[in-house]
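Atoms considered below: every heavy atom in the structure, side chains included; atoms not considered: hydrogens, waters and symmetry mates. Here is how names work: the chains are called A, B, and so on, in the same order as the sequence lines, proteins then strands, and each is numbered from 1. Since we're looking at a predicted model, the values are computed, not measured.
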Number of protein chains: 2
Amino acid sequence: MIKTRNTKQKEKIIKYLKENKNKHLTIQEIQNALEDQIGLTTIYRMVNCLVEKGEIIKIPLDNKQGFCYQYKEHTAECESHYHLICEECGDLIHFKSDKVLNIIEQAQEDKKFFINNEKVVFYGKCKECQKNNK
Amino acid sequence: MIKTRNTKQKEKIIKYLKENKNKHLTIQEIQNALEDQIGLTTIYRMVNCLVEKGEIIKIPLDNKQGFCYQYKEHTAECESHYHLICEECGDLIHFKSDKVLNIIEQAQEDKKFFINNEKVVFYGKCKECQKNNK
DNA sequence: GTCCGTGCAAAAGTTTTGCATTTAC
DNA sequence: GTAAATGCAAAACTTTTGCACGGAC
């Protein structure tokens, strides 16, 4: 499914994703943000197309079913950021560490597995949730 | 939802999970494996209860909706294993690396985020799928 | 004019909930 | 006997599919 034509819907979805490169958006959030109600079907199709083309990443949510999406960052500033997802509140935090690169190399050597550098996820408990239930 | 009573269903589900500590099972796989058809509802409730009690982990699947579950390993042999999930075929591979511990410490320091050592996921492409589409 | 993209409705898949029945204690 | 666990049916939710219509080219 490769979308080649320029449509108003396509433009608006991509514009919104680009304006929110630092956020991880669910399909619902994308639809709610776009005032002139674009059909869910269209958003799903567009987003899946962008995932296939490698322009955005798809991250599974932990505490509920579904996924969130994020435009890939190509600036130096946001390079090599990883994801911390709180198992309790579902919050998604960016995390930078050059140590992950070593692991990526090791997986390549040990298992011949190619790790997608943009999609490394650590689940656990965020600062706030740690406070709340102790 | 705290299950306290001992029932046949509970016993069988836990027995099966324990016997398959090295596997990541979906709800469907658990149901199919247990000959005397235990209701899906019961399996969902039991599994969620075990997740809450911290006896098993819940890992989101990448290429389709849903989750898989695995009994926590407490033996030295399986300690500190992490997960490689193929974005293409959905295969889940175990991976050991002591380098992850450094990252866990760093997340604690930088972000005050407590990473669940049993739930570290690297998405990417497995050996076979790398071969298949080049 | 052709055919791709959209959006509605419907379907498919996963997980949760309500409720009557069964079972553990 | 009481309260908890089970399991069916139905609901809730997310995602996909079929199909007719509209718009891009």
Between [X] ([atom1]) and [N] ([atom2]), how many Å, whole number?
X: B/Ile13; N: D/dG7; atom1: CD1; atom2: P; value: 8 Å
X: A/Ile27; N: C/dG7; atom1: CD1; atom2: P; value: 14 Å
X: B/Gln31; N: D/dG7; atom1: CD; atom2: P; value: 10 Å
X: B/Ile38; N: D/dG7; atom1: CD1; atom2: P; value: 7 Å
X: B/Ile43; N: D/dC8; atom1: CD1; atom2: C1'; value: 14 Å
X: A/Asn32; N: D/dC13; atom1: CG; atom2: P; value: 14 Å
X: B/Met46; N: C/dT15; atom1: CE; atom2: C1'; value: 17 Å
X: B/Tyr69; N: C/dT15; atom1: OH; atom2: C1'; value: 8 Å

Can you tell me if the side-chain N/O atoms of A/Thr42 get under 4.0 Å from OP1 or OP2 in C/dG5?
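So the side-chain polar atoms of A/Thr42 never come under 4.0 Å of the phosphate oxygens OP1 or OP2 of C/dG5.
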Hey, does the side chain of B/Tyr44 come within less than 4.0 Å of C/dT15's phosphate (OP1/OP2), counting only N and O?
yes
Return yes if a side-chain donor-acceptor contact under 3.5 Å exists between B/Thr42 and B/Gln9, otherwise no.
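Side-chain D/A pair, B/Thr42 to B/Gln9: absent.
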When hydrophobic residues are tied together by side-chain contacts of less than 4.5 Å, even through go-betweens, does A/Tyr71 share a cluster with A/Ile38?
yes
Co-membership, hydrophobic cluster, residues A/Leu25 and A/Leu40, 4.5 Å side-chain
yes
At under 4.0 Å between heavy atoms, what does B/Gln9 touch on the DNA or RNA strands: base, sugar-phosphate, or nothing?
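Sugar-phosphate, backbone atoms only, no base.
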Is the positively charged end of A/Lys58 above the ring of A/Phe67, judged by distance under 6.0 angstrom from the centroid and angle within 45° of the axis?
yes
Please check this pair: side chain of A/Gln31 against backbone of A/Gln28, looking for a donor-acceptor N/O pair closer than 3.5 Å.
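No.
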Working to the nearest 0.5 angstrom, can you tell me the gap between B/Gln108 CD and B/Ile115 CD1?
8.5 Å
How long is the span from the NZ atom in B/Lys21 to the CD atom in B/Gln70, to the nearest 0.5 Å?
10.0 Å
In the 5'-to-3' direction, what one-character label does each nucleotide of nucleotides 17-25 of chain C receive under the scheme B = base within less than 4.0 Å of a protein heavy atom, S = sugar-phosphate only, - = no such atom?
B-----BBS
